[in-house]
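Encoded as structure tokens, the structure appears first; notes follow it.
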Amino acid sequence: MTNLATVAEIVDSAARNAAAIPQLSQTGYDLTLEEAYAVQQLSVARRTQRGERLIGVKMGFTSRAKMVQMGLSEMIWGRLTDAMRVEDGGVIDLKRYVHPRVEPEIAFLMKKPLEGKVTLAEALSAVEAVAPAIEIIDSRYKNFKFNLPDVVADNTSSSSFAVGPWISPRIDLSNLGMVLEFDGCPVQIGSSAAVLGNPGRALAAASRLVSEAGLRLEPGNIIMSGGATAAEILKPGIHVCATVEKMGRVDFSARA
Ligand code: OOG
Ligand code: MG
């Protein structure tokens with residue numbers, strides 16, 4: 001039987017030291033999806049034991065663009081801690097990452113708890129605010145390659161995220177233009193429609209999926225709804241900005 005705590009230590013150390021590791025599935029750890037979520041929970045528990053605080057949930061593979069880029073087609077979720085947050089307008093040091101990529105997303109701030117199977121309307125009625133966001137994903141696996149249990153165990157590649165100004169959620173989220181720019185040049189262009197026809201559906205999916213793990217979305221939690229476009233490789237010295245139509249923008253820079 002696989003010792004899940006040992007696997008959790010492997011992925012946690014890789015993230016902590018920004019050191020690439022071989023895929024678990026290629027090193028004798030053939031995890032089921034359920035075991036992979038248990039590893040994720042154990043590895044994030046190591047972070048909370050070091051003083052980090054859980055502040056939300058991220059969804060993955062909620063758009064075709066992301067599924068096609070990574071070759072996987074099942075929605076997944078990961079855990080966000082306060083230490084992963086990058087200030088809007090902030091500067092990050094790429095030395096802390098293995099091979100980071102960025103993707104434009106829409107973030108939700110919860111007003112009320114949300115759990116179990118909910119409709120789009122029920123999910124949206126639990127929201128305090130929405131914001132443009134950028135996720136920095138950084139798979140700890142060599143060459144950014146993994147199968148579904150690998151990526152789930154690695155906290156779904158979650159590494160950092162930046163959130164722009166929160167605005168009222170009373171806007172139609174179903175078709176907002178989204179642009180990701182590097183040094184002012186568009187590198188990805190898409191629409192919020194790419195995320196399940198409405199990113200609110202990713203929030204509903206988050207509610208359903210986390211309840212399978214006995215959790216619920218809590219007031220004050222931040223929920224990342226998933227990349228609307230393929231991710232772009234982050235390079236030293238660039239300025240990254242994501243703009244969402246009617247919502248605003250969020251940006252940060254990578255130190256040269
Ligand atoms: C897995 C995480 C996927 C998204 O927004 O779809 C994700 C990965 O692509 O490495 O964060
Ligand atoms: Mg993402």
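All ligand and atom numbering here is 1-based and tracks the order in the structure.
Of all protein heavy atoms, the one lying nearest to atom 9 (O) of ligand 1 is K66 NZ, 2.8 Å. With respect to atom 7 (C) of ligand 1, the closest heavy atom belonging to the protein is E103 OE2, 3.3 Å. When only non-hydrogen protein atoms are considered, atom 11 (O) of ligand 1 lies nearest to K58 NZ, 2.7 Å. Remark: minimum distance from atom 10 (O) of ligand 1 to any protein heavy atom is reached at S157 OG, 2.7 Å.
E105 has its closest N, O or S atom to the Mg ion (ligand 2) at the position named OE2.
The shortest distance between side-chain heavy atoms of F252 and V91 does not fall below 4.5 Å.
In terms of hydrophobic clustering, with Ile, Leu, Val, Met, Phe, Trp and Tyr side chains grouped at heavy-atom distances under 4.5 Å, V127 and W166 are assigned to different clusters.
For the atom pair CD of Q26 and CZ of F146, the computed distance is 12.5 Å after rounding to the nearest 0.5 Å. Once rounded to the nearest 0.5 Å, the distance linking CZ of R140 with CG of D12 reads 9.5 Å. Atom CD in E103 sits 10.5 Å away from atom CD1 in I136 (nearest 0.5 Å).
Using a 4.0 Å cut-off to heavy atoms of I137, the atoms of ligand 1 that qualify are 8 (C), 9 (O), 10 (O), 11 (O). Atoms of ligand 1 lying under 4.0 Å from at least one heavy atom of G227, given by number and element, are 4 (C), 5 (O), 6 (O). Less than 4.0 angstrom separates some heavy atom of G226 from each of these atoms of ligand 1: 5 (O). Each of the atoms 9 (O) of ligand 1 lies under 4.0 Å from some heavy atom of M70. With ligand atoms numbered from 1 in the order given, ligand 1 contributes 3 (C), 4 (C), 6 (O), 7 (C) to contacts under 4.0 Å with heavy atoms of G60. Listed by number with element, the atoms of ligand 1 under 4.0 angstrom from any heavy atom of F146 are 8 (C), 10 (O). Under a 4.0 Å criterion applied to the non-hydrogen atoms of F144, ligand 1 contributes the atoms 10 (O). Listed by number with element, the atoms of ligand 1 under 4.0 angstrom from any heavy atom of M59 are 4 (C), 5 (O).
Considering backbone and side-chain N/O of T156, none are found under 3.5 Å from N/O of ligand 1. In terms of polar-atom proximity, defined here as any N/O pair under 3.5 Å, F61 does make such a contact with ligand 1.
Dense packing is recorded around CG of L33, with more than 12 heavy atoms of other residues, nucleotides or ligands lying under 6.0 Å away.
For M224, the closest heavy-atom approach to ligand 1 does not fall below 4.0 Å.
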Could you walk me through whether V98 and S139 pass the side chain to side chain contact (heavy atoms under 4.5 Å, CB included) test, one step at a time?
CA-CA 7 Å; V98 182; S139 174; over 6 Å; no

Side chain to side chain contact (heavy atoms under 4.5 Å, CB included) assessment of Y141 paired with V11
CA-CA 9 Å; Y141 302 115; V11 289; 3.9 Å; yes

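Closest approach of T62 to A202, counting heavy atoms only: CG2-CB, 4.0 Å.
Counting heavy atoms under 4.0 Å from ligand 1, residue E105 touches it through the side chain alone. Neither the backbone nor the side chain of Q69 has a heavy atom within less than 4.0 Å of ligand 1.
The residue from S191, S192, P132 that alone fulfils the side chain to side chain contact (heavy atoms under 4.5 Å, CB included) condition with L176 is S192. Evaluated for a side chain to side chain contact (heavy atoms under 4.5 Å, CB included) with K66, the options V195, I137, L72 yield exactly one hit, I137.
With hydrogens and angles ignored, the 3.5 Å screen pairs a side-chain donor or acceptor of S207 with a backbone N or O of G116.
The OE2 atom of E103 and the OE1 atom of E135 meet at the Mg ion (ligand 2) at an angle of about 100°, given to 10°.
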